[in-house]
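Predicted model only: the values in this text are computed from it and were never measured. In what follows, every heavy atom counts, from backbone to side chain, and hydrogens, waters and symmetry copies are set aside.
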Amino acid sequence: MVNMDRMKAILSEWIKVDTWHTGHPLDDKRFHKALSKVFSELGVRMNGGDFEEVLHELVDEYHPNWNQGHKEKLINDFHCGQSMSLAIFMIRNE
């Protein structure tokens, strides 16, 4: 079972920045760094629902007035994280 509180703490470093949703290279770098830390500390096998739940909680906490564009960006980031998790898992278990 994934430590949801720890995942939330790690991902908050990325999402608490006001520009998390812009796709700016520094924001993308923060996202990839946070994902890397999640994978190294919590493992790459995670429930997609847990990951999505944490992202929604973080947006509600840090950016309660998010709009539809932010929601679409969040969904894209969720799918990116899920894809990266699966790829790493597959590489490690070849």
Indicate if V17 and V38 have the same hydrophobic cluster label, given that clusters are the connected sets of ILVMFWY residues with side-chain heavy-atom separations under 4.5 angstrom.
no

Suppose we screen for salt bridge (charged side-chain N to carboxylate O under 4.0 Å, His left out). Which residues come up paired with K8, at least two apart in sequence or across chains?
E57, E61

pair H24-T19: side-chain heavy atoms closer than 4.5 Å:
no

As an exercise, state the distance from CG of L35 to CH2 of W14, rounded to the nearest 0.5 Å.
8.0 Å

Which atom of I15 lies closest to which atom of L55, heavy atoms considered:
CD1-O, 4.2 Å

Applying salt bridge (charged side-chain N to carboxylate O under 4.0 Å, His left out), name anything that partners K33, two or more places apart in sequence or on another chain.
none

If you compare all heavy atoms of E13 against all heavy atoms of R30, which two are closest, and at what distance to 0.1 Å?
O-CD, 3.9 Å

Flag the pair F39 / I10 as yes when at least one side-chain heavy-atom distance between them is below 4.5 Å, and no otherwise.
no

